[in-house]
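Reading through the structure tokens given below for one structure.
What you see below is based on every heavy atom in this structure, not just the backbone, and it leaves out hydrogens, waters and symmetry mates. The structure presented is a predicted model; accordingly, all values stated were derived computationally and were not measured.
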Amino acid sequence: MSDHVSDPSAPAKRPVQLFRNLSAKIASIPMILTALVVFVGGTAWTVVHSFTSSRMLPKLEFVGFDQYERLWSTRRWMISIENLAIYGVCSLILTLLIGFTLAALLDRKIRFENTFRTIFLYPFALSFVVTGLAWQWILNPDFGLQSVVRDWGWESFAFDPLNNSEIVIFGILIAGIWQGSGLIMCIMLAGLRGIDEDIWKAARVDGIGTVKTYVRVIIPMMRPVFITALVLIASGIIKLYDLVVAQTNGGPGISSEVPAKYVIEYMFRAQNLGQGFAASTMMLVSVIVILIPWAYLEFGGRKRG
């Protein structure tokens, strides 16, 4: 009889790994299927048809790399890439700088902090179309900023970026930074509020200045926060479209074209699906080229450590 009595000190059998958290796994099946069918399947379908001669309707008539050769020989596409590069670099640097500066100022426990935080975050609540239209009026030379400054007596003042093909992308950049800086400020402020107050006290005891404390201590500790902010800013840069349409519609001429607008134009207006698929595939490749090295450095280095 004692042979059949189990030892109470023996460890209980672990459940089969496959059936652990079974309800959670079942609940995630619809999302997994959606990701596979819509995102992965749609991406594969787009890439395959970028090698075809699809026009108004998709068709599997392969033409090799003809669509890509045409894409990279088109002046409109090259201008789109150049504009996105200028907008992307400036937006990334300035949005992070302005957002972190505003967060650092609010973190000093100033009066009316909630009011200032609401004011700075309010532009993010607006759609890009509303933001674009608002800044189109502000930058209009007849009744916008240029007109107001001239009414103050500075008759020689000239600021009309949206009608100047050389600097039109910077007029769009102003609107983008105005809308995005508030969100980055809130993210940075949340990171700063998570810093232990003892670190600041130790820095003061050691005689380290405020700026040096931020640069050498606080910012390195906020690395995950900066990564989150970078991902959000980068996603906004890649999909830049409605802000351009609302402000300039790609003008003057094609001087403010961006890749997303190029894709929309060729897929729905020019009725050239093959060319639109090729352009969207190149946008995907650019994201992958940036994402893979970052993921390797971020997660591969952590595993090695």
(request) Please assess Val148 against Phe143 for the test side-chain contact (heavy atoms from CB on, under 4.5 Å), listing each intermediate value before the final yes or no. (result) CA-CA 7 Å; Val148 171; Phe143 42 78; over 6 Å; no

Could you tell me which residues satisfy side-chain contact (heavy atoms from CB on, under 4.5 Å) with [X], sequence neighbours excluded, listed by chain and number?
X      : answer
Leu240 : Tyr87, Leu243, Val244, Val258
Leu36  : Ile32, Val40
Pro259 : Trp77, Ser80, Ile81, Leu84, Met283
Trp200 : Arg108, Ile195, Glu197, Arg204, Thr210, Thr213, Tyr214, Ile218

What distance do [X] atom [atom1] and [Y] atom [atom2] have between them, rounded to the nearest 0.5 Å?
X      : Y      : atom1 : atom2 : value
Phe120 : Leu105 : CZ    : CG    : 8.0 Å
Met222 : Ile187 : CE    : CD1   : 10.0 Å
Leu97  : Thr101 : CG    : OG1   : 4.5 Å
Thr115 : Arg117 : OG1   : CZ    : 9.5 Å
Cys90  : Ile177 : SG    : CD1   : 7.5 Å
Ile288 : Thr281 : CD1   : OG1   : 9.5 Å

Okay, side chain of [X], backbone of [Y]: is any donor-acceptor separation there less than 3.5 Å?
X      : Y      : value
Ser235 : Leu232 : yes
Asn272 : Gln275 : yes
Ser73  : Arg70  : yes
Thr228 : Pro224 : yes
Thr95  : Leu92  : no
Gln67  : Thr52  : yes
Ser50  : Ala278 : no
Asp196 : Asp198 : yes

Are [Y] and [X] co-members of a hydrophobic cluster defined by side-chain heavy atoms under 4.5 Å apart?
X      : Y      : result
Ile172 : Phe159 : no
Leu126 : Tyr241 : no
Leu94  : Leu139 : no
Leu230 : Leu183 : yes
Ile79  : Ile238 : no

(request) Test side-chain contact (heavy atoms from CB on, under 4.5 Å) on Tyr266 and Gln271 and set out the steps. (result) CA-CA 6 Å; Tyr266 272 85; Gln271 295 182 348; over 6 Å; no

If every non-hydrogen atom of [X] is compared with every non-hydrogen atom of [Y], which pair is closest and at what distance?
X      : Y      : result
Leu162 : Pro252 : O-CD, 3.6 Å
Val263 : Ala279 : CG2-CB, 3.6 Å
Pro123 : Ile119 : CD-O, 3.4 Å
Gln247 : Gly171 : NE2-O, 3.6 Å
Ser256 : Val168 : CB-CG1, 3.8 Å
Met56  : Leu273 : O-CD1, 3.5 Å

Can you list everything that forms a salt bridge (charged side-chain N to carboxylate O under 4.0 Å, His left out) with [X]? Sequence neighbours excluded, please.
X      : value
Lys59  : Glu61
Arg75  : none
Asp107 : Arg193

Test item: [X] and [Y] side chains (from C-beta on) under 4.5 Å apart, heavy atoms:
X      : Y      : value
Asn140 : Gln146 : no
Thr74  : Met78  : no
Pro58  : Trp45  : yes
Leu71  : Tyr262 : yes

(request) Among residues two or more places apart or on two chains, list those pairs meeting side-chain hydrogen bond (donor to acceptor under 3.5 Å, both in side chains) that have a residue in residues 118-138. (result)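 Every pair satisfying side-chain hydrogen bond (donor to acceptor under 3.5 Å, both in side chains) with a residue in residues 118-138: Thr131-Gln179.
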
(message) Taking side-chain hydrogen bond (donor to acceptor under 3.5 Å, both in side chains) as the cut-off, I'd like each qualifying pair that reaches into residues 147-174, sequence neighbours left out, listed once.
(response)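 Listed once each, the pairs are Trp154-Ser156, Asp160-Asn163.
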
(request) Might you confirm whether atom CZ of Phe62 has over 12 heavy atoms from other residues, nucleotides or ligands at distances under 6.0 Å? (result)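 Yes - once you tally the heavy atoms of other residues, nucleotides and ligands closer than 6.0 Å, there are more than 12.
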
(message) Could you check whether atom CZ of Phe39 has more than 12 heavy atoms from other residues, nucleotides or ligands sitting under 6.0 Å from it?
(response) no

(message) Give me each pair satisfying salt bridge (Lys or Arg N to Asp or Glu O under 4.0 Å) with a member in residues 122-148, each pair once, sequence neighbours excluded.
(response)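 Salt bridge (Lys or Arg N to Asp or Glu O under 4.0 Å) check on residues 122-148 returns no pairs.
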
(message) Enumerate the salt bridge (Lys or Arg N to Asp or Glu O under 4.0 Å) contacts for residues 236-259, please, sequence neighbours excluded, ordered by first and then second residue.
(response) Arg76-Glu257, Glu257-Lys261

(request) Apply side-chain contact (heavy atoms from CB on, under 4.5 Å) to Ile169 and Glu82, showing your working. (result) CA-CA 10 Å; Ile169 193 64; Glu82 181 182 346; over 6 Å; no

(request) Might you work through the side-chain contact (heavy atoms from CB on, under 4.5 Å) test for Leu60 and Val48, ending with a clear yes or no? (result) CA-CA 8 Å; Leu60 288 175; Val48 169; 4.1 Å; yes

(request) Compute the ring centroids of Phe100 and Phe226, then answer whether they are less than 6.0 Å apart. (result)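 Ring centroids of Phe100 and Phe226 are less than 6.0 Å from each other.
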
(request) Kindly indicate, with the supporting measurements, whether the criterion ring pair (Phe, Tyr, Trp, His ring centres under 6.0 Å) is fulfilled by Tyr68 and Phe51. (result) CA-CA 8 Å; Tyr68 293 94; Phe51 295 98; 5.3 Å; yes

(request) Share the residues that join Val89 in a hydrophobic cluster, the rule being Ile, Leu, Val, Met, Phe, Trp or Tyr side chains under 4.5 Å apart at the heavy-atom level. (result)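 In the cluster with Val89 are Ile93.
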
